[in-house]
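Every chain is numbered from 1 and lettered A, B, ... according to where its sequence line falls, protein lines coming before strand lines.
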Number of protein chains: 2
Amino acid sequence: MNIGEAAAGSGVSAKMIRHYEAIGLIEATRRPNGYRSYGPQDVAVLRFIRHARDLAFPLEDIRRLLALWRDRSRASADVKQMALDHVAALESKAASLQAVADSLRHLAQHCNGDDRPDCPIIAELEGIRE
Amino acid sequence: MNIGEAAAGSGVSAKMIRHYEAIGLIEATRRPNGYRSYGPQDVAVLRFIRHARDLAFPLEDIRRLLALWRDRSRASADVKQMALDHVAALESKAASLQAVADSLRHLAQHCNGDDRPDCPIIAELEGIRE
DNA sequence: CTTGACCTTCCCATACTGGGAAACACCATC
DNA sequence: GATGGTGTTTCCCAGTATGGGAAGGTCAAG
């Protein structure tokens, strides 16, 4: 099948499929006319990639996950370790975003929100406390 | 003062100061020799930007915040609205990261993590449920 | 006058995705 | 066979925000 069909079947845009090929994440055989040609197995790989992206795995992680996936004799411990590392990274990012949100919300609570110019948010940004 | 001193005094790297100028966020007067020249007020602006970045405001928001800051007659309601919008965006991003982390952690919990190949994480990525 | 620290601009890189242009391939219809 | 529509190719550019590094100019101290 051509790239369009592979895209539709995998949920990965044709644009991204070409990109993944350019960065060496996947490969594609070419037809005599230059068109990329994909089989069901390729679509499965693309789906795998999409699911991993849905789980916010960075592409470099996905590269390793693909290698593990292809390795029939992989140890599940390897996969688990990657997953847990990734979970830790996600949670740390989530927590720091939430912390920023909390402190900004706190500032906003003390802002009148009227037509007067005084605003603790601006005061904070000015760095009153420095 | 030169860019290096302004950078040290504001906590914004010289690289970033030039970048902020390039995108029109700030301006700089030049000395005859071509060097950028900054005064204390400029450093205050840079500090303002840095604080806003610490609060994860995107640069486009900072552009507006700077305008509000410079506007002595600004309504605090404007600032508050921007802040609350930003809080909502941050929290939504934090929540979705956390949701991904949760589901991945759940998968990992059911992975033996031994030297056998079976692993529900890989199974999920394969899209068993599709 | 040399040396070293600082400054300038310009290009490249990160990670991921999309938009769009110009050219070519294919297929169906007239 | 000409035409048109759709698909595909490559290439360039865009964004977020930041940094690395090269090649060269400037200045102050020794």
**Prompt:** C:dT17, C:dT8, D:dG7: which one has an atom nearest the side-chain heavy atoms of A:Arg53?
**Reply:** C:dT17
**Asked** Which value, rounded to the nearest 0.5 Å, describes the distance between B:Asp42 atom CG and B:Arg47 atom CZ?
**Response** 12.0 Å
**Prompt:** How far does CG of B:Leu107 sit from CG of B:Asp102, to the nearest 0.5 angstrom?
**Reply:** 11.0 Å
**Message:** So, OP1 or OP2 of D:dT16: does either fall under 4.0 Å of a side-chain N or O from B:Arg63?
**Reply:** no
**Any A:Leu104 side-chain heavy atom under 4.5 Å of B:His86 side chain** = yes
**Request:** Determine whether A:Leu97 and B:Leu84 fall in the same hydrophobic cluster, where Ile, Leu, Val, Met, Phe, Trp and Tyr are linked whenever their side-chain heavy atoms lie under 4.5 Å apart.
**Result:** no
**Item:** Atom-to-atom span, CE of B:Met16 to C1' of C:dT9 - whole angstrom
**Value:** 15 Å
**Asked** Which distance, rounded to the nearest 0.5 Å, do you find between the NE2 of B:His110 and the NE2 of B:His106?
**Response** 3.5 Å
**Asked** Where the side chain of B:His19 is defined as all heavy atoms beyond and including C-beta, which of C:dT8, D:dT8, D:dT18 is the nearest nucleotide?
**Response** D:dT18
**Message:** Please enumerate all residues that pass side-chain hydrogen bond (donor to acceptor under 3.5 Å, both in side chains) together with A:Asp114, with sequence neighbours excluded.
**Reply:** A:Arg116, B:Ser76
**Request:** Tell me which residues in residues 1-10 of chain A put a heavy atom below 4.0 Å from DNA chain D, sorted by number, or none.
**Result:** A:Asn2, A:Ile3, A:Gly4
**Asked** Counting just side-chain N and O atoms, does B:Arg30 come under 4.0 Å of either OP1 or OP2 of C:dT9?
**Response** yes
**Request:** Specify the separation, in whole Å, of atom CD of A:Glu21 and atom C1' of D:dT10.
**Result:** 12 Å
**Prompt:** If you round to the nearest 0.5 Å, how far is CD1 of B:Ile122 from NE2 of A:His51?
**Reply:** 12.0 Å
**Request:** Specify the separation, in whole Å, of atom CG of B:Asn33 and atom C1' of D:dA28.
**Result:** 13 Å
**Prompt:** Atom CG of B:Leu25 and atom C1' of D:dT16: how far apart are they, to the nearest Å?
**Reply:** 14 Å
**Asked** Does a nitrogen or oxygen in the side chain of B:Arg36 sit under 4.0 Å from OP1 or OP2 of C:dT9?
**Response** yes
**Message:** Can you tell me if A:Arg31 touches the phosphate of D:dT8, counting only side-chain N or O atoms and a distance under 4.0 Å to OP1 or OP2?
**Reply:** no
**Fill in**
Winner on side-chain proximity to B:Tyr20, out of C:dC10, C:dA25, D:dT18, is D:dT18
**Request:** Respond yes when some side-chain nitrogen or oxygen of A:Ser13 is under 4.0 Å from OP1 or OP2 of C:dT17, and no when none is.
**Result:** no
**Asked** Between A:Ile17 (CD1) and D:dT8 (C1'), how many Å, whole number?
**Response** 12 Å
**Message:** Measuring from the side chain of B:Lys15 (C-beta onward, heavy atoms only), which nucleotide among D:dG20, C:dC6, D:dA17 has the closest atom?
**Reply:** D:dG20
**Prompt:** Closest to the B:Arg18 side chain: D:dT8, C:dG18, C:dT8?
**Reply:** C:dT8
**Spacing of A:Ile23 atom CD1 relative to C:dA13 atom P, expressed in whole Å** = 14 Å
**Item:** Minimum-distance nucleotide to B:Glu60 side chain [options: C:dC7, D:dT16, C:dT17]
**Value:** D:dT16
